[in-house]
Amino acid sequence: MIRISVVPLLPFDNGTISFSCKQACSLDGFCEDLPMARASSIRNDPSLRGRPRRQDLEHRHHKLLETAMGLFIENGLAVTMDTIASAANVSKRTLYASYPDKISLFLAVLEWLSSEGTKAALSLPPDMPLVPALVRYGEALFDHYSAPRTAAFLRLMQKEKERVPDLERMMREEVVRDQVMPLVHYLEAQFPETPDDRRLFVAARMHVRNVIGEISDAYADGRVPDAIASRGFLQSSAEILSLGILRNGLTEQRDV
């Protein structure tokens, strides 16, 4: 699976909190329950010792990324890190320690938008028949790309790609990780006799490209992408793709 390495807001270790309350509270603004407390008073109060709640830290992380995304959409890369820190109510020291420059924060927003916007929607039940699953997958992609903030951020990326030479490559990697690979995992469950078959990856990528192409055409025509209006396209694409998969010698686990 392809990933883009970005520095997290707080020192997580593989998604688990690996620092003490003392360390966390020494970061300005990250003691949610005691916003005016100093680190020394927290260390001296036994009732306040222990690890901060993970959901609080995640909430603050998401708030920062949402704030940064809104400011990027409004101002492009001209927005300053100081402005983002102030709007997100975090100290400049904390922000720069986590994201040393604007580009790293911009890419973190891209990764967060891609993964958060599609993670749940693209999780297909393994027992769902192939064609309905492909149609649902396409509908979820339509919903993601037609969301106003996604559309606005993608337009911003088109404007700023000259300032970030690797932006298009990174976006393709995000699409593979967050939108192609979940479909590959579903297909692997449908065809258990052919694990890690390259054809499954090709089929998943083809379906995602077909759907994204239809969405791009809608934007080019001045239309808002609409999964309901495009259901005929999604149904046809799913049926053609399923026939192609089966004709390539793969045996489905169940009848469709």
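- Atom CD of Gln190 and atom CE of Met128 lie 10.0 Å apart (nearest 0.5 Å).
- Considering CZ of Arg172 and CE of Met170, their distance stands at 11.0 Å, rounded to 0.5 Å.
- Taking the side chain as every heavy atom from C-beta outward, Val208 and Tyr137 approach each other to under 4.5 Å.
- Heavy atoms only, all atoms of each residue included: His144 and Leu113 are closest at CE1-O, 3.5 Å.
- Of the possible donor and acceptor atoms, none in the side chain of Thr94 sits under 3.5 Å from a partner among the backbone N and O of Val90.
- Put simply, the side chain of Trp112 does not reach to within 4.5 Å of the side chain of His61, judged on heavy atoms.
- Closest approach of Pro100 and Ser98 over heavy atoms only: CD-O, 3.8 Å.
- At a threshold of 4.0 Å, the pair Arg177-Glu174 counts as salt-bridged, since one of the basic side-chain nitrogens sits closer than that to a carboxylate oxygen.
- Counting only heavy atoms from C-beta outward, the side chains of Val175 and Met171 approach each other to under 4.5 Å.
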- Task: With side-chain contact (heavy atoms from CB on, under 4.5 Å) as the test, would you mind laying out the steps for Phe106 and Glu111 before giving the verdict?
- Result: CA-CA 9 Å; Phe106 184 82; Glu111 180 177 19; over 6 Å; no
- Stepwise, does the side-chain contact (heavy atoms from CB on, under 4.5 Å) test hold for Gln179 with Val211? CA-CA 11 Å; Gln179 298 165 25; Val211 175; over 6 Å; no
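- Between Glu173 and Arg169 there is a salt bridge, with a side-chain nitrogen of the basic residue lying less than 4.0 Å from a carboxylate oxygen of the acidic one.
- At a threshold of 4.5 Å between non-hydrogen side-chain atoms, the residues Arg198 and Val202 count as touching.
- Here the side chains of Pro225 and Phe142 are in contact, with some heavy-atom distance below 4.5 Å.
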- Message: Apply side-chain contact (heavy atoms from CB on, under 4.5 Å) to residues Arg60 and Leu64 and explain how you reach the verdict.
- Response: CA-CA 6 Å; Arg60 290 180 178 275; Leu64 170 64; over 6 Å; no
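- Rounding to the nearest 0.5 Å places OG of Ser123 at 11.5 Å from CG of Leu183.
- His207 contributes a side-chain N or O that, together with a main-chain N or O of Leu134, makes up a donor-acceptor pair within less than 3.5 Å.
- A 4.5 Å side-chain heavy-atom check between Glu239 and Gln235 finds at least one atom pair inside the cut-off.
- Distance OH/Tyr145 to CD1/Ile215: 7.0 Å, rounded to 0.5 Å.
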- Yes or no on side-chain contact (heavy atoms from CB on, under 4.5 Å) for Tyr96 and Asp101, after CA distance, side-chain angles and deciding distance? CA-CA 7 Å; Tyr96 278 103; Asp101 55 56; over 6 Å; no
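- Aromatic ring centroids of Tyr186 and Phe191 lie 6.0 Å or more apart.
- Rounded to the nearest 0.5 Å, atoms CG (Asp226) and CZ (Arg231) are 12.0 Å apart.
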Can you give each donor-acceptor pair under 3.5 Å made by side-chain atoms of residues 67-82, sequence neighbours left out, with the distance rounded to 0.1 Å?
{"residue": "Thr67", "atom": "OG1", "partner": "Lys63", "partner atom": "O", "Å": "2.8"}
{"residue": "Asn75", "atom": "ND2", "partner": "Leu71", "partner atom": "O", "Å": "3.2"}
{"residue": "Thr80", "atom": "OG1", "partner": "Thr83", "partner atom": "N", "Å": "3.0"}
{"residue": "Thr80", "atom": "OG1", "partner": "Thr83", "partner atom": "OG1", "Å": "2.7"}

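- Looking only at side-chain heavy atoms (C-beta outward), Leu234 and Asn210 stay at 4.5 Å or farther from each other.
- Minimum interatomic distance between Ser242 and Val131 (heavy atoms only, all atoms of both residues): OG-CG2, 3.6 Å.
- Atom-to-atom distance recorded for Thr150:OG1 and Arg155:CZ is 10.5 Å, nearest 0.5 angstrom.
- Summarising the geometry of Arg136 relative to Pro125, their closest heavy-atom pair is NH1-CD, 3.8 Å, with the distance given to 0.1 Å.
- Legend: residues meeting side chain to side chain donor-acceptor pair (under 3.5 Å) with Glu214, ordered by chain and number and at least two apart, are absent.
- Side-chain atoms of Leu156 and Phe153, non-hydrogen and from C-beta on, do get closer than 4.5 Å to each other.
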